[in-house]
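Only one structure is covered here, and it is reproduced in the block below.
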2 protein chains.
Amino acid sequence: MKRQQKAQQTRQKIVAAAYDVFLQNGFQKTTITQIIKQANIGYGTAYVYFQNKDEIFIDIMEDVMQKFYAIAELPFAPKTKGEAVRLIHHQVRLFLELAVQEKALLQVMKEAIGASSIAAKTWKQIRERFIARIAEDVAYSQKNGLAKRHLQPKLVARGWFYANEMYMWELTEPSVPFSLEEAARHLTEMYTNGVYS
Amino acid sequence: MKRQQKAQQTRQKIVAAAYDVFLQNGFQKTTITQIIKQANIGYGTAYVYFQNKDEIFIDIMEDVMQKFYAIAELPFAPKTKGEAVRLIHHQVRLFLELAVQEKALLQVMKEAIGASSIAAKTWKQIRERFIARIAEDVAYSQKNGLAKRHLQPKLVARGWFYANEMYMWELTEPSVPFSLEEAARHLTEMYTNGVYS
DNA sequence: AAAGAAATTGACACGATGTCAATGACATAA
DNA sequence: TTATGTCATTGACATCGTGTCAATTTCTTT
């Protein structure tokens with residue numbers, strides 16, 4: 001059984017080395033040569049475990065995705081508008097805080113999403129998962145008479161997540177002209193006033 | 001004076017050829033070789049007029065930018081909330097319609113913005129121009145008692161534009177799960193209910 | 001310990017980039 | 001008209017990154 005272990009270990013060496021190099025050089029400037037050098041393995045070895053640079057990055061990306069999913073899946077069952085506002089504000093904060101916490105990796109992710117179609121696809125999955133979940137929450141609120149009924153949950157969810165996502169990306173930039181707290185407050189307020197009644 | 005004319009003509013040949021090739025192959029797959037071949041010029045010539053592929057694309061990008069700017073600068077001086085809603089809805093429609101109209105180029109632009117830092121910078125300029133202009137409109141509405149005064153115009157403008165922008169990108173995709181009109185209506189309604197009083 | 005299987009390797013072919021010395025084409029002055 | 005300098009054009013070249021694959025090393029099994 002030592003054979004497979006060694007192989008897995010090599011795979012891990014690649015991912016770990018890639019993580020370092022990606023954070024150091026960004027997505028596009030990173031080369032396979034840099035990664036295998038950092039991992040102390042031969043050039044061809046990288047291609048045994050991954051198709052290309054993009055695939056290696058996806059591996060890294062999926063770790064953070066889990067953290068995002070956890071926030072997306074938080075329970076949401078408010079009885080009043082006030083409670084809904086509080087829950088939403090809390091969720092927005094968690095979302096933006098996670099972005100700031102993982103700032104370095106998210107910067108690389110943004111670059112990767114732009115440059116690699118596989119990375120783009122992966123991110124789109126996260127997004128649609130969020131939107132689907134938010135749409136559920138909106139529908140719930142509508143059923144309970146908390147939210148305006150004539151709006152389509154899916155379209156509301158989409159617009160709402162888009163605003164959040166863009167604020168998130170903005171927060172990963174070196175200098176931002178606003179604070180996380182301000183962003184969370186404005187997002188929540190605009191949204192809840194616009195959709196809840 | 002024929003000297004400069006010829007040079008300008010060559011430059012234009014490059015841009016025109018690049019436009020074709022970019023639309024055909026997308027941003028990343030396009031190579032200098034393809035462009036100079038389409039333009040019927042020598043390889044080195046492209047580098048006389050542009051630093052690289054990115055610079056050529058910026059030239060093309062700036063044409064469409066003008067159309068966006070025109071929409072951003074539309075006059076906004078409503079006397080009532082109803083009038084504001086109508087103006088905003090109209091502007092959103094124009095914005096999204098322009099996106100659909102220029103769909104092919106916008107798809108390439110999206111790719112370029114992701115892959116090229118120069119293109120990203122250029123797009124950011126458009127965005128900030130929009131946000132600055134919207135912030136003015138919000139401030140105007142607040143002064144005239146149409147909009148909630150405790151919100152910061154710049155943050156409101158940012159969130160609002162982000163939602164619009166993402167819907168715009170979505171509308172350039174091959175198949176979209178909603179109509180332009182639905183998107184415009186929901187955007188406008190969520191926004192005006194959230195910010196106007 | 002021999003044979004087979006699995007893991008590792010780096011040299012190679014290929015394609016794209018950006019540079020630059022050489023060439024070609026035009027304008028101006030004699 | 002010619003000659004001379006200037007500007008425009010060119011493609012061969014050096015460089016770099018990619019992905020492949022035949023050869024080699026390392027382990028496992030008999």
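Naming convention: chains lettered A, B, ... in sequence-line order (proteins, then strands); numbering from 1 in each chain. Please read these numbers as outputs of a predicted model, since none were measured by experiment. Quick note: numbers below take in every heavy atom, side chains included, and nothing from hydrogens, waters or symmetry partners.
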Could you list the donor-acceptor pairs under 3.5 angstrom formed between side-chain atoms of residues 126-136 of chain A and any protein atom two or more places apart in sequence or on another chain?
residue, atom, partner, partner atom, Å
A:Arg127, NE, A:Glu165, OE1, 2.8
A:Arg127, NH2, A:Glu165, OE1, 3.3
A:Arg127, NH2, A:Glu165, OE2, 2.9
A:Glu128, OE1, A:Arg158, NH2, 3.1
A:Glu128, OE2, A:Arg158, NH1, 3.3
A:Arg129, NE, A:Glu73, OE2, 3.3
A:Arg133, NE, A:Asp137, OD1, 3.3
A:Arg133, NH1, A:Glu73, O, 3.1
A:Arg133, NH1, A:Leu74, O, 3.3
A:Arg133, NH2, A:Leu74, O, 3.0
A:Arg133, NH2, A:Asp137, OD1, 3.3

Subject >> d(CZ, A:Arg11; P, C:dT8) in whole Å >> reply: 12 Å
Donor-acceptor list for residues 36-47 of chain A side chains, cut-off 3.5 Å, not counting sequence neighbours:
residue, atom, partner, partner atom, Å
A:Gln38, NE2, A:Asp20, OD2, 3.2
A:Thr45, OG1, A:Gly42, O, 3.3

Extract all donor-acceptor atom pairs below 3.5 Å that involve side chains of residues 60-69 of chain A and protein atoms in other chains or at least two apart in sequence.
residue, atom, partner, partner atom, Å
A:Lys67, NZ, A:Glu102, OE2, 2.7

Subject >> Nearest to side-chain heavy atoms of B:Val48, which nucleotide of D:dG19, C:dA7, D:dT9 >> reply: D:dT9
Original post:
Bend angle of the helix from C:dA1-D:dT30 to C:dA30-D:dT1 from five-pair axes at both ends, rounded to 10°?
Top reply: 10°
**OP:** Quick one: label A:Tyr49 by what it contacts on the DNA or RNA (base, sugar-phosphate, nothing), any heavy atom closer than 4.0 Å.
**Re:** sugar-phosphate
Subject >> Working for ring-ring contact (aromatic ring centres under 6.0 Å, His included), residues A:Trp123 and A:Trp169 >> reply: CA-CA 13 Å; A:Trp123 175 251; A:Trp169 293 125; 5.2 Å; yes
Original post:
Less than 4.0 Å between a side-chain N and a carboxylate O, is that true for A:Glu173 and B:Lys124?
Top reply: yes
**OP:** Return the value, rounded to whole Å, for the distance between atom CD1 of B:Ile14 and atom C1' of D:dT10.
**Re:** 12 Å
Original post:
B:Phe27 ring centre to B:Lys53 NZ or CZ under 6.0 Å, with the angle to the axis within 45°?
Top reply: yes
**OP:** Report the distance from atom CZ of B:Phe50 to atom P of C:dT17, rounded to the nearest whole Å.
**Re:** 15 Å
Subject >> Between P of D:dA8 and NZ of B:Lys6, the distance in whole Å >> reply: 11 Å
Original post:
Could you state the CD-P distance from A:Gln4 to C:dA7, rounded to the nearest angstrom?
Top reply: 8 Å
**OP:** From the options C:dT8, C:dG18, D:dT18, select the nucleotide whose nearest atom is closest to the side chain of A:Thr10.
**Re:** C:dT8
**OP:** Scan residues 21-33 of chain B for pairs that pass side-chain hydrogen bond (donor to acceptor under 3.5 Å, both in side chains), counting only residues two or more places apart or in two chains.
**Re:** B:Asn25-B:Gln34
Original post:
Cut-off 3.5 Å, side chains only: do B:Tyr162 and A:Glu170 have a donor facing an acceptor?
Top reply: yes
Subject >> Phosphate contact (D:dT20 OP1 or OP2) by A:Tyr47 side-chain N/O below 4.0 Å >> reply: no
**OP:** May I ask you to list the residues of residues 15-46 of chain A, by number, that have any heavy atom positioned under 4.0 Å from an atom of DNA chain D?
**Re:** A:Thr31, A:Ile32, A:Tyr43
Original post:
Can B:Met166 be reached from A:Leu151 by stepping across I, L, V, M, F, W or Y side chains whose heavy atoms are under 4.5 Å apart?
Top reply: yes
